[in-house]
Number of protein chains: 2
Amino acid sequence: MQFSKSTGNALHALIHLAHSDRGQHVGIKELSSSLGVSDSYLSKIMSKLRQDGIVRASTGASGGYELARPADRISFLDVIQVIEGRQQLYECLNANAHHHPLAEAAEWSEEEESGHPESKDCLVKKVMNGAELQMQSYLRAHTIQWVLDHASPGSIRGGNGE
Amino acid sequence: MQFSKSTGNALHALIHLAHSDRGQHVGIKELSSSLGVSDSYLSKIMSKLRQDGIVRASTGASGGYELARPADRISFLDVIQVIEGRQQLYECLNANAHHHPLAEAAEWSEEEESGHPESKDCLVKKVMNGAELQMQSYLRAHTIQWVLDHASPGSIRGGNGE
DNA sequence: CCTTTATGGATGTATAATGTCCATAATAAA
DNA sequence: TTTATTATGGACATTATACATCCATAAAGG
Ligand code: SF4
Ligand code: SF4
């Protein structure tokens, strides 16, 4: 289980965009050469980011990409979910639903009896999903802007001084 | 990015083992039929768990598997790391190391100058690894025994009453 | 000795990740 | 309007993992 390389590239591309963010459009070639990947590959990633409203794209001469909203409202979680998808990290197959009786929580059959007990009370799921939520809350709290804010001042070349 | 099914099966198998844990050995056939998977498949998983010291195995008649240590000292994290491996969730390729200058932390070149700045100060890594640590600390805090403790009492059939 | 049981190598299949190519459409600039 | 520029999305090829099975072997108990 690992994050895909595409996720890393998406993050790096967005940091680059946020960097030169004064309403300017950045072309795919500048982005891809900056990241050291091919433009055909990166364009797929950018296209996904556009479909999910993270960036805007414009065609034609002097076109390119820009952030669709301020960098402090683009969290790492947003980006990761676009690339990795939104399924849960842990999903049990129904084929697996020969589950241990032990896996059901203590308070049971008193409150609900119409649904699958699996989906709400399973303790295995509770732990695995709880772990995922921990990670997500951390990722939600860190934005693209956070990276810019904590970066070495010497590295910030553009600023706003033309 | 998802946990593999093998991870889920490993967890379920261990819960089953912990369930009938009075020093008895549980055969692969009982385990696999309980989980609804083939024995040849599950045996690979059990073998990994044995190599990492999570379970013990004994061959021969009336052989099988047992937990190698009490269930309260087998955390979800232990199990996951055996099956998924111990690499970090996020790793940047060196090919990618055309990294943004922005990605390096503010306090820099004052304390260290001998290593790759990437490996210690990169802010992208800091966020991604921080997120992983959040998840891991949660998984480390939840053990197989925790599941047994919080399960419905009615579901616990064996107990110790023969 | 013979049955039971786990082990690990070899192998095959399915699915997902990665990466490229090209035809097309949209747009700005000349 | 024409042309150069740029993103788009489908099709495709290529790995890399995950999933799954089979079989020969070894170890242990009866
Ligand atoms: S015990 Fe929980 S995780 Fe396992 S199959 Fe049942 S519902 Fe899914
Ligand atoms: S900026 Fe950080 S994550 Fe990106 S390539 Fe450099 S070290 Fe790796």
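Below, chain A is the first sequence line, B the second, and so on; all start at residue 1.
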Nucleotide range of DNA chain D lying under 4.0 Å from chain B heavy atoms: D/dC19 to D/dG29
Which heavy atom of [X] sits nearest to which heavy atom of [Y], and what is that distance?
X: A/Ala18; Y: A/Ala71; result: CB-CB, 4.1 Å
X: A/Val127; Y: B/Tyr138; result: O-CE2, 3.2 Å
X: B/Val79; Y: B/Ala10; result: CG1-CB, 3.8 Å
X: A/Leu35; Y: A/Asn9; result: CD1-O, 3.4 Å

Of B/Ser58 and A/Ser47, the one whose closest DNA chain D nucleotide lies more 5': A/Ser47
Heavy-atom nearest nucleotide on DNA chain C taken for B/Ala57 and for B/Ala61; more 5' hit belongs to B/Ala61
Report the distance from atom CD1 of A/Ile83 to atom CD1 of A/Ile54, rounding to the nearest 0.5 Å. 9.0 Å
I need a per-nucleotide contact map over nucleotides 13-22 of chain C, read 5' to 3'. Cutoff is protein heavy atoms under 4.0 Å; write B for the base, S for backbone only, - otherwise. -----SSBB-
If hydrophobic clusters are built by linking Ile, Leu, Val, Met, Phe, Trp and Tyr wherever their side-chain heavy atoms come under 4.5 Å apart, do B/Leu89 and A/Val147 end up in the same one? yes
Looking at every strand, decide which applies to B/Gln51 at a 4.0 Å heavy-atom threshold: base, sugar-phosphate, or nothing. sugar-phosphate
Say whether A/Ser75 and A/Asp78, considering side chains only, have a donor N or O and an acceptor N or O under 3.5 Å apart. yes
Verify whether one side chain among B/Glu91 and A/Gln2 offers a donor that lies under 3.5 Å from an acceptor in the other. yes
